There are 2 protein chains.
Amino acid sequence: MSLPHAILTALLEKPSSGLELTRRFDRSIGYFWSATHQQIYRELGRLEEAGHIRALPSPVPARGQRKEYEVLPAGRESLREWVGAAEDPKPLRSALLLRMRAAAVVGTAGLRAELERHLALHRAQFEEYAAIEERDFPAGRRTAEPDRLRHLVLRGGIELERFWLEWLGAALEELGPGE
Amino acid sequence: MSLPHAILTALLEKPSSGLELTRRFDRSIGYFWSATHQQIYRELGRLEEAGHIRALPSPVPARGQRKEYEVLPAGRESLREWVGAAEDPKPLRSALLLRMRAAAVVGTAGLRAELERHLALHRAQFEEYAAIEERDFPAGRRTAEPDRLRHLVLRGGIELERFWLEWLGAALEELGPGE
DNA sequence: CCGAACATGTAAGAAGTTACATGATTCT
DNA sequence: AGAATCATGTAACTTCTTACATGTTCGG
């Protein structure tokens with residue numbers, strides 16, 4: 001039940017059309033809750049139906065016509081409740097850890113290259129985050145609470161990538177010099 | 001496409017019935033790929049259909065009757081291919097990070113208690129992992145490759161929990177002494 | 001023989017993914 | 001007018017979740 005709240009958050013940060021939301025889910029919000037445009041349009045329909053958002057009045061509400069949405073009070077309230085609600089963390093699901101365990105049983109053929117590929121992907125993501133941090137949260141500047149919270153979220157992303165870099169490094173070392 | 005491979009791995013480690021698998025997915029394998037008994041029975045059916053596993057001959061193959069499965073060569077081969085296949089990491093999805101970002105917009109009411117609850121859950125998981133490590137991989141003992149790989153997987157789980165403990169600690173500090 | 005635990009399943013629906021369809025606008 | 005891009009949507013399918021259904025075995 002996170003997607004509607006992700007959309008509400010994005011729309012509160014800035015009213016947008018479905019396509020704009022899709023683009024923002026390819027960066028920013030999408031860094032910790034991804035969604036495709038199909039999911040987003042479907043969910044926009046549901047949120048409007050539920051009275052949590054509304055389409056801004058537009059001259060021609062037709063297909064192919066841009067439709068911009070804004071959050072209604074009921075939507076903001078729903079989001080506020082969700083922030084403090086009790087919701088257990090989902091159990092971890094990592095295909096890579098699983099594959100490592102499978103490798104313990106059927107052998108490590110091909111695994112080394114795959115780990116190196118993942119290492120490169122995580123390195124790129126890490127650097128992207130680091131660049132955002134440098135741009136938006138430069139060291140030594142005092143920031144207001146909303147910004148401090150957003151920085152905290154970004155730090156989470158950064159440290160998770162650091163975790164993967166370290167784990168992949170250890171795994172490659174464990175596998176030895178290779179094929 | 002990870003669940004069938006998770007099941008193949010578990011069955012190679014030890015042939016089991018559906019219920020036994022379910023129990024093992026509540027610990028062990030389930031620490032990084034969770035599944036319910038409904039998913040497991042359905043997938044066992046598909047794997048059998050595909051000729052990747054087979055039910056051990058039993059006198060009475062009826063409903064309510066225990067059915068034990070073992071992996072066939074085709075299943076082992078499929079697992080071996082998967083270990084080295086190219087499969088991108090799934091983008092991160094964390095409802096907690098998302099909620100933190102929502103809190104930056106609608107306020108942090110109730111968030112502190114929720115973060116403390118998560119902290120306790122992650123602390124418990126961390127300690128469970130640490131106990132397993134101490135039991136199965138005591139320091140200073142030389143182990144064979146399969147065990148070293150399994151240890152690597154466990155280290156991944158441990159370090160991920162450590163990440164959450166640290167991030168939650170930082171978040172609570174950021175939120176200040178409370179409500 | 002009754003209840004608890006064991007064991008395997010069915011059904012319905014929500015969430016997520018992939019492929020495709022359609023209309024509007026803008027640039028050449 | 002045609003092509004590219006913007007923009008919204010449908011359809012079909014897979015996966016995951018939640019609730020329920022049914023039969024077996026074993027201890028008291």
Side-chain angles (χ1 to χ4, degrees), chain A residues 1-8 10-11 15-26 29-30 32-50 53-56 58-69 82 87-95 98, chain B residues 1-8 10-11 15-26 29-30 32-50 53-56 58-69 82 87-95 98:
Chain A
M1 287 284 299
S2 295
L3 179 57
H5 299 107
I7 291 178
L8 287 173
L11 287 181
S16 304
S17 68
L19 192 61
E20 276 170 5
L21 279 177
T22 301
R23 295 202 206 294
R24 293 170 63 197
F25 271 81
D26 285 339
I29 295 273
F32 40 88
W33 202 273
S34 63
T36 62
H37 85 268
Q38 293 88 340
Q39 280 179 281
I40 289 169
Y41 284 117
R42 176 150 36 99
E43 200 60 46
L44 283 172
R46 288 178 190 164
L47 284 166
E48 188 175 23
E49 174 95 15
I53 62 175
R54 63 163 189 155
L56 291 182
S58 104
V60 197
R63 192 185 178 116
Q65 234 12 299
R66 186 190 144 85
K67 221 171 19 172
E68 186 148 17
Y69 291 94
W82 184 65
E87 197 172 274
D88 285 351
K90 290 250 158 125
L92 168 65
R93 273 200 174 169
S94 165
L98 185 57
Chain B
M1 288 285 297
S2 294
L3 179 57
H5 299 108
I7 291 177
L8 287 173
L11 286 181
S16 304
S17 67
L19 192 60
E20 276 169 6
L21 279 177
T22 301
R23 295 201 205 294
R24 292 170 63 196
F25 270 81
D26 285 337
I29 295 273
F32 40 89
W33 203 274
S34 62
T36 62
H37 83 268
Q38 292 88 340
Q39 280 179 279
I40 288 169
Y41 283 117
R42 177 155 30 98
E43 201 59 48
L44 283 172
R46 289 179 190 163
L47 284 166
E48 189 174 23
E49 175 96 15
I53 62 175
R54 64 162 187 155
L56 293 182
S58 102
V60 198
R63 191 186 179 115
Q65 237 8 301
R66 186 190 145 85
K67 222 170 17 174
E68 185 149 17
Y69 291 94
W82 184 65
E87 197 172 274
D88 284 351
K90 290 250 158 124
L92 168 63
R93 274 201 173 167
S94 165
L98 184 57

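Letters A, B, ... are given to chains in the order of the sequence lines, protein chains preceding strands, and every chain is numbered from 1. For clarity, every value in this text was computed on a predicted model and none was experimentally measured.
Side chain of A:Q39 to main chain of A:T36: a donor-acceptor pair is present (N/O by atom type, distance under 3.5 Å, no hydrogens or angles). In this structure a side-chain-to-backbone donor-acceptor pair under 3.5 Å is missing from A:S34 to A:G30.
As rounded to whole Å, 14 Å separates atom P of D:dA7 from atom OH of A:Y69. Rounded to an integer number of Å, the gap from B:D88 CG to C:dT18 P is 11 Å. Rounded to a whole Å, the CD1 atom of A:I7 is 14 Å from the C1' atom of D:dT8. Atom CG of B:L21 is separated from atom P of C:dA7 by 12 Å (rounded to the nearest Å). B:H37 has its NE2 atom 13 Å from the P atom of D:dC20, to the nearest Å. Between B:E87 atom CD and C:dT17 atom P the separation is 13 Å, expressed in whole Å. Atom pair B:L56:CG and C:dT8:P shows a separation of 12 Å (rounding to whole Å applied).
Salt-bridge formation is detected for the pair B:E43/B:R46: a Lys NZ or Arg NE/NH1/NH2 atom is positioned less than 4.0 Å from an Asp or Glu carboxylate oxygen.
Atom OH in A:Y41 sits 8.5 Å away from atom CG in A:L21 (nearest 0.5 Å). Atoms OG and CD, from A:S17 and A:E68 in turn, are 6.5 Å apart once rounded to the nearest 0.5 Å.
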Discussion item. The test is side chain to side chain contact (heavy atoms under 4.5 Å, CB included); show your working for B:S2 and A:R93 and say whether it passes.
Written reply: CA-CA 10 Å; B:S2 294; A:R93 273 200 174 169; over 6 Å; no

Item to complete: Please assess A:M1 against A:W82 for the test side chain to side chain contact (heavy atoms under 4.5 Å, CB included), listing each intermediate value before the final yes or no.
Response: CA-CA 10 Å; A:M1 287 284 299; A:W82 184 65; 5.5 Å; no

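Taking 4.0 angstrom as the limit, B:Y41 places none of its side-chain polar atoms (N or O) nearer than this to OP1 or OP2 of C:dG9.
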Item to complete: Encode nucleotides 12-17 of chain D as B, S and - characters from 5' to 3', where the letter depends on protein heavy atoms closer than 4.0 Å: B to the base, S only to sugar-phosphate, - to neither.
Response: ---SBB

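When the nucleotides C:dC20, C:dT25, D:dA7 are ranked by their closest atom to the side chain of A:R66, D:dA7 comes out on top. Listed nucleotides D:dT24, C:dA24, C:dA7 differ in distance to A:Q65; the shortest reach to its side chain belongs to C:dA24.
Among the heavy atoms of the strands lying under 4.0 Å from B:S17 are primed sugar atoms or P, OP1, OP2 only; no base atom is included.
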